[in-house]
Structures are given as C-alpha cells and as structure tokens.
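Both backbone and side-chain heavy atoms feed into the values below; hydrogens, waters and symmetry mates do not. Being a predicted model, the structure only gives us computed values, none of them experimental.
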Amino acid sequence: AASNLPPLPESLSCRKICSKCGRSRSEHGVLVFGSKCVYQDCGRCGAGVQVHVRAGMVMGFGCTLTEEEGAIPGMAERYERRIREL
C-alpha cells in the first residue's frame, strides 16, 4: 500500500510525519509512531479508520476525503497550515 501513497514534500520525512495517521511527531506525543501507530482517526481530515476503509482512502498525508465523504469541516485546511509550518 505504501507505493500508492503520494510522496512527502522534500522538506518533510517519515521522521516528522506519521506514515499511518499523518500527525506530526509533536502531535503524536509518546504514542507509537509510524507503522505501529495507535490512532484510529486521520490527522488530516479527522474521520475514523472505518470511514477511510469504506471510501478506499488512505489516512494521513495522502488523504483527500471530502466533507461529503465524512471529513470533519475545516480539519484539512488546518492540517495543511500545520504541515507548511513544519
């Protein structure tokens, strides 16, 4: 599945952004990061795992879920701003 993910911008890396949920390392806190991530919601759109599974959508940086598909209003815009600040 990793090959279907969009590449992270050069300024970012999997050390800064969780490959599963899309949260930054600082947002993640002490929870396990990357493939062992325990978050059940998307750091980008706020929707849960099941919403993403039904939509056939990845969670995190590559998520493009719309509000009509279950994304929480305003979450993606806030996520984009946070990512640009990393």
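Looking only at distances, a side-chain donor or acceptor of Arg44 sits under 3.5 Å from a matching main-chain atom of Cys63. Distance alone, capped at 3.5 Å, places no donor-acceptor pair between the Lys20 side chain and the Lys36 backbone. Judged purely by atom type and a 3.5 angstrom limit, Glu27 uses its side chain to pair as donor or acceptor with the backbone of Ser24. Panel note: side chain Tyr79, backbone Gly60; no donor-acceptor pair is recorded below 3.5 Å.
Between Ile83 and Arg78 the shortest side-chain heavy-atom distance does not fall below 4.5 Å. The closest side-chain heavy-atom distance from Lys16 to Arg25 is not below 4.5 Å. Contact of the Cys45 side chain with the His52 side chain is registered, since non-hydrogen atoms from C-beta on lie closer than 4.5 Å.
Under the 4.5 Å side-chain heavy-atom criterion for grouping Ile, Leu, Val, Met, Phe, Trp and Tyr, Leu65 is not connected to Val53 through any hydrophobic cluster.
Checked for salt-bridge contact, Arg54 and Glu69 miss the test: no charged N lies under 4.0 Å from a carboxylate O.
A pairwise comparison of heavy atoms in Ser35 and Ser19 identifies N-OG, 4.0 Å as the closest pair.
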Verdict with supporting geometry, His28 and Tyr39, side chain to side chain contact (heavy atoms under 4.5 Å, CB included): CA-CA 9 Å; His28 231 275; Tyr39 278 104; 3.7 Å; yes
Ile17 vs Arg23, side chain to side chain contact (heavy atoms under 4.5 Å, CB included): CA-CA, chis, key distance, verdict: CA-CA 6 Å; Ile17 299 290; Arg23 287 174 174 80; over 6 Å; no
